[in-house]
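Scroll down for the structure; my scribbles are underneath it.
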Amino acid sequence: MAGPLSVILVGRDARLRGDTRGHLTATGKVQVVAETSDYSRSLELIEQLNPHAVVVLLDGEEEPGFEFIRRVGAEHRDIAVVCSGLNCSNDVIIRAFRCGAREFLVQPLTPNEVKEVIERLEELTTTLEGERKSLGTVIAVYSSKGGAGTTTVAVNLAAELARQTARQTVIVDLNLQHGNIPIFFGIQPTYSITDVARNEARLDIQLLRTFLTKISDNLYCLAAPLKPEEADDVFPNHLEAALGLLRTQFSYIVVDTQSVLDPNTVTALDVSDIICVVTQLDLASVYNAKRTLETFERMGYGGEKVKVIINRYNKASDLPLEKVAEVLGHRVDLTLADDIRSARESLNLGKPVVLSQPKSPLVRQFSDLAEVILGRKEQDEAKQAKGLLSLLGKGRGKS
């Protein structure tokens, strides 16, 4: 396969879902694009997201699960169904296969068994439908403390990814009551994520695109609600649908989250491939970041999914980075300079720092952040693609 397996996870036991999601994503070959406890909702998500596979967690009430498996098999022959469950008898396992399940994972899961099943699913998916288009990467930018600069980081990261790779990128504003991403880009949205919520039943990628505000040829924005009171209209299922659809069309989806672990924020973090935790070097911020990282570990966000970014970094700080990393229990992946002047001027211009302040050290540092997100190999490929597009553009200009 060209990219990772996209999976919808269905099960009523939240803890079992969390454990299963952690094992699946730990393989590095799976993206859980949506998660739900409701079989009816999962059928809607399948229609919207068209995943490679659905993982069904049987929890003692097998009959609804069996009926769901039969329906997926009848209506979506190119989607593989994997069953799993605790204390399942041989009869339950046999019935699951007879209903159409392709694989059965016995809980508690083991890394080797999960790895083997994923490898078989990759072969099966290739046989069923050929290679699918790779899904886009979702990057959430989060801080547990307001004022850390998450919006500045999200805005400049999105702009740099679009500029550096020349690939379709979208930034999603999840500061639902007071989102201000439009100010950073100098745009005036007509539509917002509220329109996603109001059109949930008929939402597809074509309709979703009409709700985006174009910033440049490769960069778009899904704005926060245009009125603060409309924030109450947006729920996790709306975010699941929107982010799932966006990753089928956009290479990079940058999500600027709220500084609160409410259901909407947790949904965005769950579906993200990378979480950038933004903090500063004062003691209160470091303490909050430490608690955040500990919470994320309990939520199953570990390994390479979490990146720590120190914003407004000053080398003269009394807290050396080595000590900060020791306190956090996590390496510091990147520091961003304390260049308030450039940040303020870029905001007044309605252009991110990376597009308006060439002399700022932040320009190079946001380029480094893009490299952290992309990985060196993917970045080199993106630069080659951009270079080719540039050559083709020059050729057209001369004709």
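In terms of heavy atoms, N264 sits closest to F235 at OD1-C, 3.2 Å. Between A159 and L219, the shortest heavy-atom contact is CA-CD2, 4.0 Å. In this structure, S6 and N50 approach most closely via the heavy-atom pair OG-O, 4.4 Å. Contact detail for Q31 and G136: the closest heavy-atom pair is NE2-O, 3.9 Å. Nearest heavy-atom pair, C83 versus A101, reported as atom, atom and distance to 0.1 Å: SG-CB, 4.0 Å.
With sequence neighbours excluded, no residue satisfies salt bridge (charged side-chain N to carboxylate O under 4.0 Å, His left out) with R312. Applying the side chain to side chain donor-acceptor pair (under 3.5 Å) criterion to D282, with sequence neighbours excluded, gives S285. Take Q107 and apply the side chain to side chain donor-acceptor pair (under 3.5 Å) test, not counting sequence neighbours, and it matches T20, S84. E229 meets the side chain to side chain donor-acceptor pair (under 3.5 Å) test with no other residue; sequence neighbours excluded. With sequence neighbours left out, the side chain to side chain donor-acceptor pair (under 3.5 Å) criterion links H238 to E200. Qualifying salt bridge (charged side-chain N to carboxylate O under 4.0 Å, His left out) partners for D333, counting only residues two or more places apart in sequence or in other chains: R331. Under the salt bridge (charged side-chain N to carboxylate O under 4.0 Å, His left out) criterion, R98 pairs with no residue at all, not counting sequence neighbours. Every residue was checked against the salt bridge (charged side-chain N to carboxylate O under 4.0 Å, His left out) condition with R298, not counting sequence neighbours, and none meets it.
Residue-environment remark: CZ (R12) exceeds the threshold of 12 foreign heavy atoms within 6.0 Å.
Side chain to side chain, D262 and T265 meet the donor-acceptor criterion of an N or O pair below 3.5 Å.
At a threshold of 4.5 Å between non-hydrogen side-chain atoms, the residues K290 and E294 count as touching.
Pairs of residues two or more places apart, or lying in two chains, that qualify as salt bridge (Lys or Arg N to Asp or Glu O under 4.0 Å) and include a residue from residues 265-281 are R21-D270, R247-D273. Each salt bridge (Lys or Arg N to Asp or Glu O under 4.0 Å) pair with one or both residues in residues 335-348, not counting sequence neighbours, appears once here: R341-E345. Pairs engaging residues 108-117 under the salt bridge (Lys or Arg N to Asp or Glu O under 4.0 Å) rule: K115-E119 [sequence neighbours left out]. Every pair passing salt bridge (Lys or Arg N to Asp or Glu O under 4.0 Å) that includes a residue from residues 211-221 is listed here, sequence neighbours excluded: K214-D217.
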What do the steps show when you test N175 against D256 for side-chain hydrogen bond (donor to acceptor under 3.5 Å, both in side chains), and what is the final call? CA-CA 7 Å; N175 287 288; D256 182 25; 3.0 Å; yes
